[in-house]
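In what follows, chains are A, B, ... by sequence order, proteins preceding strands, each numbered from 1.
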2 protein chains.
Amino acid sequence: MAKDERPAYEQVKDWIRKHIASGAWKPDDVVPSEAALMERFAISRMTAHRALRELAAEGLVTRVQGSGTRVAQLHRISSQLVIRDIHEEVAERGHVHSTRVLRVAEEKAGPELAESLGLRRGARVFHTVLVHLENGVPIQYEDRYVNPQAAPTYMQTDFTRESPTLHLLQHAPLTEASYSIEATLPTAEEALALGIESSEPCLAMMRRTVSGAHVASVARQLYPGTRYSFNGQFQA
Amino acid sequence: MAKDERPAYEQVKDWIRKHIASGAWKPDDVVPSEAALMERFAISRMTAHRALRELAAEGLVTRVQGSGTRVAQLHRISSQLVIRDIHEEVAERGHVHSTRVLRVAEEKAGPELAESLGLRRGARVFHTVLVHLENGVPIQYEDRYVNPQAAPTYMQTDFTRESPTLHLLQHAPLTEASYSIEATLPTAEEALALGIESSEPCLAMMRRTVSGAHVASVARQLYPGTRYSFNGQFQA
DNA sequence: GAGTGGTCTAGACCACAGA
DNA sequence: CTGTGGTCTAGACCACTCT
């Protein structure tokens, strides 16, 4: 054996993937059943099952009990959009991350914010505004409101050392999140803080995170269009 | 049994998830081993193994052979960014999708484009430019180059009936894709076609798709910032 | 060496689809 | 009724980590 032997279920997955990628098996075609794979590869049913189950989880095939396994309709490109702690992300590029703190305050929530955080009107909320820099260049303006019930120690954080995202991830275990991304122009204040023209387009990400019973945080993060892009990859 | 019995491995996963979400088990804490779970739930090792393996695939725990299973460091927020055929997407909102075709031509590839498509300089490529409308309002400007080797029948498509994305998905099975999203201003031509001011920020998605041995297509899709946003959700 | 996870087998019972 | 997938067991051998 010259080769480093790959697990049997991986070999089966590769074999099926190859047929789909090459176009030999088209969407809605039947994929060999577990029994057929057992014979073909001289493997047990559990192994064949695992290969097909994982391909189904990856979205390449569809399985229906009693009916069979078919090639999935490949009508969508999907990929993981991973939203990470910005400090970690910058560090991974081998660059230096730093933070400029613009505002750390306790405020009373207006009606809209209160509803968004699931609090009553006028409840106390934590508010932070800061700018993240990569090698001294501003790359993100972060305006965030935090629910004190979800992260009571938020205000004691030294934000130049621990980012809001990191604090929240560590103190308010994440159970749910939703986001939306759009293109927008910065406000005068945001442009000033980022050191850009107010005519320069930016990516704006609005995010809302839930931790257990509480909405933990509502944030708006602004990235200058010329200094940041989201990238992704997808492999069948 | 009043309840609809959930599979054993799901019950184990739920149990572990609960402990992580509640904060009882913190990042880097050890999760019960497969042997421990076998005893606790009176299940076989394969079942315990499956529960832990799936949690690892979901990113909630980390497993190291010989060492053990631990709660993952950052519950990084990740979610599927699904890129779909725009016709399908509009139809799903109950709206009417239509297309305005601006250009359908065969051209010679310049050096940069040729390299991007994996062709030699000056090779023939298909070029289409069109605008997608939702209820008559322009929402996407699509500028696309296609490799004739990957989709020889591309030019025969009636693009008012079948979108380029759909044609390519059906004729060039997708094996790989990469994309990047950024904020930008439209060119004069793009602004005109979209019916917007050239000062209005847009989301630009650059996409490159691979089908088998060929790069199938390189496309730039521009969305007016005020008429489109990417949305996503995540649940632990 | 003891404990951990990674893989695999040869059975088993069940639920469901389709002829 | 046959074939399909969904789950589960009780063993097994191996590779790895840690002490």
Side-chain angles (χ1 to χ4, degrees), chain A residues 1-20 25-74, chain B residues 1-20 25-73 75:
Chain A
M1 267 149 278
K3 280 202 158 191
D4 203 347
E5 195 74 17
R6 277 168 64 81
Y9 70 90
E10 286 288 359
Q11 293 182 32
V12 175
K13 285 174 67 176
D14 288 346
W15 182 76
I16 294 171
R17 257 197 277 259
K18 215 175 55 190
H19 283 82
I20 295 178
W25 299 346
K26 302 211 168 299
D28 213 42
D29 280 1
V30 175
V31 171
S33 70
E34 299 182 358
L37 292 174
M38 288 170 67
E39 279 217 5
R40 184 114 192 10
F41 289 92
I43 55 179
S44 77
R45 207 193 131 203
M46 278 298 282
T47 304
H49 178 71
R50 177 168 175 184
L52 290 175
R53 176 160 45 78
E54 293 192 357
L55 288 173
E58 291 167 24
L60 250 81
V61 301
T62 313
R63 316 194 74 195
V64 178
Q65 199 175 59
S67 173
T69 304
R70 287 158 185 280
V71 178
Q73 299 288 339
L74 296 177
Chain B
M1 267 151 276
K3 280 203 159 190
D4 202 346
E5 194 76 15
R6 278 170 64 87
Y9 71 90
E10 286 288 0
Q11 294 182 32
V12 175
K13 285 173 68 176
D14 288 346
W15 182 75
I16 294 171
R17 257 199 276 259
K18 214 175 56 191
H19 283 83
I20 296 177
W25 297 346
K26 303 212 168 298
D28 212 42
D29 280 2
V30 175
V31 171
S33 71
E34 298 182 356
L37 292 174
M38 288 170 67
E39 280 217 3
R40 183 114 190 16
F41 289 92
I43 54 179
S44 78
R45 208 194 127 200
M46 278 298 280
T47 304
H49 178 71
R50 176 167 177 186
L52 290 174
R53 176 162 44 79
E54 293 192 357
L55 288 173
E58 291 168 23
L60 252 82
V61 302
T62 312
R63 316 195 73 192
V64 178
Q65 199 177 57
S67 173
T69 304
R70 289 160 184 279
V71 177
Q73 266 306 330
H75 307 159

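To the nearest 0.5 Å, atom CD of residue B:E54 and atom CG of residue B:L60 are 12.5 Å apart.
For B:K26 against B:V71, the heavy-atom pair with the smallest separation is O-CB, 3.4 Å. Closest non-hydrogen pair, B:V12 versus B:A51, comes out as CG1-CB, 3.7 Å. Residues A:L37 and A:I16 come closest through the heavy atom pair CD1-CD1, 4.3 Å.
Remark: of the listed residues A:R50, A:R63, A:R53, A:R63 is the sole one forming a salt bridge (Lys or Arg N to Asp or Glu O under 4.0 Å) with A:E34.
Under 4.0 angstrom from either OP1 or OP2 of D:dG3 there lies no side-chain N or O belonging to A:S33.
When DNA chain C is scanned 5' to 3' for any atom under 4.0 Å from a heavy atom of chain A, the first and last hits are C:dT7 to C:dA17.
Between A:A42 and B:Q65, it is B:Q65 whose nearest contact on DNA chain C lies nearer the 5' terminus. Looking at which nucleotide of DNA chain D each of B:A8 and A:E34 is closest to, the 5′-most match is held by A:E34.
Residue-level contact check: B:R50 touches the backbone only, with heavy atoms under 4.0 Å from sugar-phosphate atoms and none from bases.
The neighbour count for A:E10 CD, taken as heavy atoms of other residues, nucleotides or ligands under 6.0 Å away, is above 12.
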